[in-house]
Amino acid sequence: MVTNSHNDSASEHVQATSSWYQCAVATAVLSAVFSIVVCAFVLMNYGRSKMLGTAEETALADLKLEIRSKPDDEQLLSRIRQFDLQVRQQRIRALDRSRKGSYLLLSGVVFFIISLRSAIEFKKKPPAPHSGADQLTEQVDNAKFARWAVTGGLVILGSGSLFLATRPEIDFVKAGAADASSYNIDDIANNWASFRGPNGAGISTHANVPTRWSGKTGEGILWKTEIPLPGNNSPVIWGDHVFLSGADPNSQHVYCFDASTGGLLWKGDVLGLPKGSNEEPLEIMEDTGFAAPTVATDGRRVYAIFATGDVGCFDFKGKKIWEKNLGMPDSSYGYASSLAMYHDMVLIQYDQGGVEDEKSKLIAVDGFSGRIVWQTKRPVGNSWSSPIAASIGEQFQVITCGDPWVVAYNPADGAELWRVNCLSGDIAPSAIYANGLVFVIEPYSKLVAIKPDGKGDVTKTHIAWISEEGGPDICSPVSNGKSVFLLATEGLLESYNVSDGKRLWEKDLEEYFLASPSLVGDNLYLLSEKGVMFIAEAESEYKELAKCELDEKCHASPAFADGRIYIRGLENLYCIGSRD
């Protein structure tokens with residue numbers, strides 16, 4: 001009787017297990033099909049959003065180009081705003097569908113694994129009658145566990161699907177505002193978004209900048225991080241991101257570092273000319289290098305140009321948006337002009353060859369698409385000066401320097417505004433705008449102050465004054481509105497009166513300088529090639545306040561942030577600041 005009872009129990013268990021096995025197999029098949037369908041949906045949504053997004057965003061870029069030639073067309077402006085809102089809504093909807101699809105796919109895969117595991121358990125043969133009650137009990141427990149697992153998986157999958165299906169609609173007003181807030185031209189004034197900061201003036205908008213540190217003891221140095229590839233470009237800062245570029249004959253990189261910790265967040269590769277190109281091999285002076293130009297950012301994307309003429313654009317997560325080649329530049333020392341920004345356009349001063357070659361041009365590239373918005377030929381030879389985009393009067397002007405012209409352009413369309421014939425030789429220092437005047441330098445020769453309100457060739461009418469006491473060959477000037485400060489490579493620091501060009505004082509610092517001088521409040525910051533920062537009052541005479549040694553050679557100009565200074569050495573990136 002015991003044996004028969006035992007056999008009957010086992011038989012019942014086999015039948016129950018068989019039923020649950022079939023149920024588990026069916027559920028596994030259904031969840032597999034479900035997962036495949038959801039995966040296909042996610043892939044289709046991704047492909048569709050990429051195709052539609054690219055087409056519509058290209059159309060939007062075309063409208064933006066059109067508005068530059070019709071700035072007063074209110075209907076066109078309204079179309080752009082509506083189209084821009086539509087593009088952003090579609091982008092947000094696509095992201096939301098992808099997110100929901102990902103959740104469902106994950107649920108389906110998890111449920112498939114649970115069902116498959118349960119089917120395997122159910123398929124195990126029941127114990128033979130003589131194997132003992134303990135094995136039968138274990139088999140029954142496994143079956144119960146599998147049943148609960150299948151039931152629990154169904155509940156989880158159903159609950160997740162219900163949650164995603166009943167999720168509130170997207171608030172496009174908030175979403176659009178969040179997307180728009182990532183690009184605000186006013187933010188550029190509060191960040192160090194390009195070479196020498198806002199307007200290329202070398203002036204920090206933050207007053208609480210460190211005045212004490214030591215590379216030997218580590219005092220005042222929050223962190224230092226090795227830079228993988230060499231470069232003479234300066235740091236660029238936006239929020240928690242610090243950008244640099246580096247290059248050698250084989251690679252061209254854009255780097256993004258965490259501003260708080262110094263950790264390398266990502267590295268972006270900018271490809272060189274394609275193989276089989278007819279371009280001559282590039283020869284670069286060692287002092288210039290392959291990555292002399294400083295990058296620029298608009299708060300959403302970062303842009304870099306290299307000595308090869310390669311330009312690359314990345315978003316803040318390191319995704320490459322576009323890249324292009326402008327042609328190998330004909331530059332005797334190697335291309336070194338840094339990038340500037342105007343709204344959503346990247347400004348490239350592409351001076352090369354001689355004046356008679358007519359190769360030089362100023363190029364505006366749409367930051368979103370990489371398309372050339374406009375380009376204007378320049379009547380100059382190769383130069384190493386960088387353009388500045390400054391707000392002058394009621395409009396922005398792009399000021400450029402080259403032999404022999406200082407030329408101002410309208411950044412909206414590239415139209416020439418005015419020009420002054422006052423330079424010669426190899427022009428490296430950039431212009432600055434201060435106290436209503438544009439200041440430019442002819443190396444070893446003179447400092448020129450220009451009134452920027454003319455039209456056409458204003459050489460005879462708009463030069464305010466000229467000081468022929470000499471001038472730096474590399475370092476750009478800086479001004480506090482009362483004085484203009486010049487720093488020669490050999491270490492001679494000079495102060496000139498803004499109003500009449502009279503030299504006020506001079507000081508020989510007895511150091512070698514490649515970095516341009518900077519202003520923080522009333523204090524000058526002067527970084528020598530040996531990595532020594534001279535801090536001095538910018539008053540009626542030179543008064544040294546501090547001398548801070550980094551213990552590493554420096555060629556690049558420093559970048560300033562709230563309570564921080566970022567300095568690029570030949571090998572490392574440094575963050576100077578207080579730990580409080």
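The first residue of the sequence shown is numbered 1, and numbering continues consecutively from there.
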Looking at [Y], is its backbone amide N or carbonyl O close enough to the side chain of [X] to form a donor-acceptor pair, meaning the two atoms are under 3.5 Å apart?
{"X": "S383", "Y": "G402", "value": "no"}
{"X": "W505", "Y": "E539", "value": "yes"}
{"X": "S234", "Y": "T294", "value": "no"}
{"X": "T225", "Y": "G262", "value": "yes"}
{"X": "S495", "Y": "F485", "value": "no"}
{"X": "N191", "Y": "A193", "value": "no"}
{"X": "S214", "Y": "G218", "value": "no"}
{"X": "N190", "Y": "D187", "value": "no"}
{"X": "R568", "Y": "G231", "value": "yes"}
{"X": "K359", "Y": "D330", "value": "no"}

Using a cut-off of 6.0 Å, state whether more than 12 heavy atoms not belonging to [X] lie near its atom [atom1].
{"X": "D357", "atom1": "CG", "result": "yes"}
{"X": "K320", "atom1": "NZ", "result": "yes"}
{"X": "K507", "atom1": "NZ", "result": "no"}
{"X": "E541", "atom1": "CD", "result": "no"}
{"X": "K451", "atom1": "NZ", "result": "yes"}
{"X": "E490", "atom1": "CD", "result": "yes"}

ask   = Please walk me through it: do F560 and Y525 pass ring-ring contact (aromatic ring centres under 6.0 Å, His included)?
value = CA-CA 11 Å; F560 297 86; Y525 279 65; 5.6 Å; yes
ask   = What distance separates I441 CD1 from C422 SG, expressed to the nearest 0.5 Å?
value = 11.5 Å
ask   = Measuring from E537:CD to L524:CG, what's the distance to the nearest 0.5 Å?
value = 10.0 Å
Would you say [X] and [Y] make side-chain contact, with heavy atoms under 4.5 Å?
{"X": "I399", "Y": "V406", "value": "yes"}
{"X": "E442", "Y": "S424", "value": "yes"}
{"X": "L550", "Y": "M533", "value": "no"}
{"X": "F368", "Y": "D344", "value": "no"}
{"X": "Y342", "Y": "V398", "value": "no"}
{"X": "L423", "Y": "C401", "value": "yes"}
{"X": "K361", "Y": "T376", "value": "no"}
{"X": "M345", "Y": "W374", "value": "yes"}

Donor-acceptor pairs are to be reported for all side-chain atoms of residues 425-435 against protein atoms at under 3.5 Å, with residues two or more places apart or in another chain.
residue : atom : partner : partner atom : Å
D426    : OD2  : Y333    : OH           : 2.8
S430    : OG   : S386    : N            : 2.9
S430    : OG   : S386    : O            : 3.2
N435    : ND2  : G481    : O            : 3.4

List the atom pairs, donor and acceptor, that lie under 3.5 Å between side-chain atoms in residues 194-203 and the rest of the protein, sequence neighbours left out.
residue : atom : partner : partner atom : Å
R196    : NH1  : P477    : O            : 2.8
R196    : NH2  : P477    : O            : 3.0
R196    : NH2  : P517    : O            : 2.7

Which pair of heavy atoms, one from [X] and one from [Y], lies closest together, and at what distance?
{"X": "L526", "Y": "L493", "answer": "CD1-CD2, 3.7 Å"}
{"X": "V373", "Y": "V365", "answer": "CG2-C, 4.1 Å"}
{"X": "R301", "Y": "I321", "answer": "CD-CG1, 4.3 Å"}
{"X": "C554", "Y": "I567", "answer": "SG-CG2, 3.8 Å"}
{"X": "W384", "Y": "G334", "answer": "NE1-O, 3.0 Å"}
{"X": "Q252", "Y": "L271", "answer": "NE2-O, 3.9 Å"}

message = If you apply the rule side-chain contact (heavy atoms from CB on, under 4.5 Å), what do you find for S338 with N233, and how did you get there?
response = CA-CA 8 Å; S338 298; N233 55 86; over 6 Å; no
Indicate whether any N or O donor in one side chain lies under 3.5 Å from an N or O acceptor in the other, for [X] and [Y].
{"X": "Y350", "Y": "Q352", "answer": "no"}
{"X": "D310", "Y": "N325", "answer": "yes"}
{"X": "Y335", "Y": "N382", "answer": "no"}

Pairs where [range] contributes a residue and the test salt bridge (charged side-chain N to carboxylate O under 4.0 Å, His left out) is met, not counting sequence neighbours:
{"range": "residues 452-473", "result": "E469-R503"}
{"range": "residues 550-563", "result": "E529-K553"}
{"range": "residues 391-408", "result": "none"}

task = Quickly, which of Q349, R419, R378 forms a side-chain hydrogen bond (donor to acceptor under 3.5 Å, both in side chains) with T400? Name it, please.
result = R378
Of the options [options], which is the one that meets [X] in a side-chain contact (heavy atoms from CB on, under 4.5 Å)?
{"X": "C548", "options": "I221, L527, I576, I535", "result": "I535"}
{"X": "I565", "options": "L222, T211, V209", "result": "V209"}
{"X": "S245", "options": "V295, I305, V236", "result": "V295"}

Show which side-chain atoms of residues 253-261 pair as donor or acceptor with protein atoms under 3.5 Å away, not counting sequence neighbours.
residue : atom : partner : partner atom : Å
H253    : ND1  : Y255    : OH           : 3.0
H253    : NE2  : D269    : OD1          : 2.8
Y255    : OH   : L229    : N            : 3.2
D258    : OD1  : S260    : N            : 2.7
D258    : OD1  : T261    : N            : 3.2
T261    : OG1  : G263    : N            : 3.2

request  = Begin with the C-alpha distance, continue with both residues' side-chain angles, and end with the deciding distance and a verdict on side-chain contact (heavy atoms from CB on, under 4.5 Å) for L265 and H241.
outcome  = CA-CA 9 Å; L265 299 177; H241 301 78; 4.0 Å; yes
message = Set out, in order, the CA-CA distance, both residues' side-chain angles and the distance that settles side-chain contact (heavy atoms from CB on, under 4.5 Å) for I237 and Y566, then state yes or no.
response = CA-CA 9 Å; I237 311 164; Y566 295 89; 3.2 Å; yes
inquiry  = Here's a test for you: under ring pair (Phe, Tyr, Trp, His ring centres under 6.0 Å), which of F316, F314, W238 qualifies with F243?
reply    = F316
request  = Evaluate the side-chain contact (heavy atoms from CB on, under 4.5 Å) criterion for residues W322 and R371: first the C-alpha distance (whole Å), next the side-chain angles of each, then the deciding distance (0.1 Å), finally the verdict.
outcome  = CA-CA 9 Å; W322 53 262; R371 298 175 60 189; over 6 Å; no
